[in-house]
S.K.: 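The structure's right below; bear with me while I get my questions together.
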Amino acid sequence: MLNFDFYNPTQILFGQGQIAAIAKQIPASARVLLVYGGGSIKQNGVYDEVLAALADFTVTEFAGIEPNPSYETLMRAIAQVKAEKIDFLLAVGGGSVIDGTKFIAAGALLEEDPWTILEKRGNNIVAAMPFGAVLTLPATGSEMNSGGVVTRKSTHEKFSFMSRKCFPKFAVLDPSKTYSLPTRQVGNGVVDAFAHVMEQYMTYPVGAKVQDRFAEGLLLTLIEEGPQALANPDDYDVRANVMWCATLALNGLIGAGVPQDWATHMIGHELTALHNLDHAQTLAIVLPSMLRVRKEGKRAKLLQFAERVWNLSGGDEDTRIEAAITRTEEFFEQMGVKTRLGDYGLGAKDLDGILSALEAHRMVKLGEQRDVTLDVSRKVLEMSL
Ligand code: NZQ
Ligand code: ZN
């Protein structure tokens, strides 16, 4: 097992009715800015419940954080925070709203232009405003991690940042608030969580048995419960399991002490920035080909994955590995997330643009062995056509 330094201070309030508990988590004198997206929270009752919980606070709002939150929108929020002397942020929504709130929290206290947070991947964050989250979409893990991803629309760039100052103080996870999700977002969430586990598990063995078993448990649960969430959308326990899986998939626990990959995510971010695909759609396209192209470097873990996750133990090694990757692809399709570039109207003509963006952003040595060069990324994309 590799050395690690695991830190996660986010308090989790899990279950039905927990929104009411947020009042106890926010300082009584706080001026609170409620940050949310395009309005789904007004349709499913979350907005009313949050306002009822905050009845004794001074609350103002910033609405309109878009999926793949934009720097441009977030800069307007930062201006509002300063003008209204806000001292606590409450993100209510999915990963985009929570990521956006992290950027606002750090950007509002930064002397330089907040864009530098993205250029420097969060390394220049010295402080962030305190914030909490009410999660409505299980997918990203943003509710219990310190990362965020922001897009600059004007330049079609999507960058991630990370800082220990950017953990939410608390996060409410009420599975009943996910009943209203459109099927597309249910599928996206399960695929994103699955990919997060894979980025930290599907590398090479380092004798980290606990992390491996946790990761396999999360994958098996997503495979079992994901399709149930589509078939029985109002089943509380199904939603609860999916929600907790997504959080545990990227809260640092399974990634402690193991090598990590993230090449699929980096290519995926370019696809979203250039062609506006949903985050999980990009992962469903890239991940299966990434595993095929890098089969040799990942052989031992692919065989472990085939046996423990997909129950494939017969036949020769290459047959088992290919079967496991095919089953993964079929699972993404079963969740309603298409797995080929062509499914989204993209083709060979688009590859040069994606590769140029990777090069411009110095994404030329990706993966746990730093061996995913532009040539490897090209092969992956060609295999995903
Ligand atoms: O904006 P509203 O109206 O709220 O609607 C949203 C949005 O249209 C809707 N939605 C959310 N909860 C709902 C709901 N609709 C009905 N009922 C509910 N309960 O869903 C749509 C998508 O929301 P979004 O927040 O964009 O989705 P997601 O949670 O998948 O977040 C995606 C963003 O997170 C980043 C992605 O790159 C992308 O920008 N990621 C963040 C990570 C992190 N912080 O650690 C890691 C991930 O790998 C990922 O990169
Ligand atoms: Zn992701």
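Order of listing sets the numbers, starting from 1, for every ligand and every atom in it.
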S.K.: Provide, to 0.1 Å, the distance between atom 8 (O) of ligand 1 and the closest protein heavy atom, together with that atom's residue and name.
M.R.: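 It is Pro67 CG, 3.8 Å.
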S.K.: Have a look at ligand 1 and work out which part of Asn44, if any, has a heavy atom under 4.0 Å from it: side chain, backbone, both or neither.
M.R.: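 The part of Asn44 near ligand 1 is the side chain, not the backbone.
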S.K.: Who's closest to atom 18 (C) of ligand 1 heavy-atom-wise, of Leu135, Asp99, Leu181, Val150?
M.R.: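 Among Leu135, Asp99, Leu181, Val150, the closest heavy atom to atom 18 (C) of ligand 1 belongs to Leu181.
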S.K.: Pull out every atom of ligand 1 sitting under 4.0 Å from any heavy atom of Lys158, numbered as shown with elements.
M.R.: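 Matching atoms, with element in brackets: 36 (C), 37 (O), 38 (C), 39 (O).
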S.K.: If the cut-off is 4.0 Å to any non-hydrogen atom of Lys177, which atoms of ligand 1 fall inside it?
M.R.: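 What qualifies from ligand 1 is 19 (N).
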S.K.: Using non-hydrogen atoms of the residue, decide whether Leu250 is closer than 4.0 angstrom to ligand 1.
M.R.: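 Yes.
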S.K.: Which residue is it: Leu374, Val293, Thr373? I am looking for the one with a side-chain contact (heavy atoms from CB on, under 4.5 Å) to Lys379.
M.R.: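 Between Lys379 and the candidates, side-chain contact (heavy atoms from CB on, under 4.5 Å) is satisfied uniquely by Val293.
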S.K.: Who passes side chain to side chain contact (heavy atoms under 4.5 Å, CB included) against Ala357, sequence neighbours left out?
M.R.: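 Ala357: side chain to side chain contact (heavy atoms under 4.5 Å, CB included) contacts with Glu270, Leu274, His361.
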S.K.: Run the ring-ring contact (aromatic ring centres under 6.0 Å, His included) test against Phe331 and tell me which residues pass, sequence neighbours left out.
M.R.: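 Here the qualifying residues are Phe194.
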S.K.: What protein N/O/S atoms lie closer than 2.8 Å to the Zn ion (ligand 2)?
M.R.: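 Counting only protein N, O or S atoms under 2.8 Å from the Zn ion (ligand 2), the list reads Asp192 OD1, His196 NE2, His265 NE2, His279 NE2.
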S.K.: I'd like to check which ligand 1 atoms, numbered from 1 as shown, lie under 4.0 Å from a non-hydrogen atom of Ser40.
M.R.: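 Those atoms are 2 (P), 3 (O), 4 (O), 5 (O), 10 (N), 13 (C), 14 (C), 15 (N), 16 (C).
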S.K.: So do the side chains of Asp278 and Thr272 get within less than 4.5 Å of each other, counting heavy atoms only?
M.R.: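 No; the side chains remain at least 4.5 Å from each other.
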S.K.: For His269 and ligand 1, answer yes if some heavy atom of the residue is under 4.0 Å from a ligand atom, otherwise no.
M.R.: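 Contact check His269 vs ligand 1: positive.
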S.K.: Please list all pairs meeting side chain to side chain donor-acceptor pair (under 3.5 Å) that have one or both residues in residues 231-243, counting only residues at least two apart or in different chains.
M.R.: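 Every pair satisfying side chain to side chain donor-acceptor pair (under 3.5 Å) with a residue in residues 231-243: Gln228-Asn232.
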S.K.: Is Gly141 close enough to touch ligand 1? Criterion: a residue heavy atom under 4.0 Å from a ligand atom.
M.R.: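 The answer is no, since Gly141 has no heavy atom less than 4.0 Å from ligand 1.
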S.K.: Could you find the nearest protein heavy atom to atom 34 (O) of ligand 1 and give me its residue, atom name and distance?
M.R.: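 Protein heavy atom with the smallest distance to atom 34 (O) of ligand 1: Thr140 CG2, 3.3 Å.
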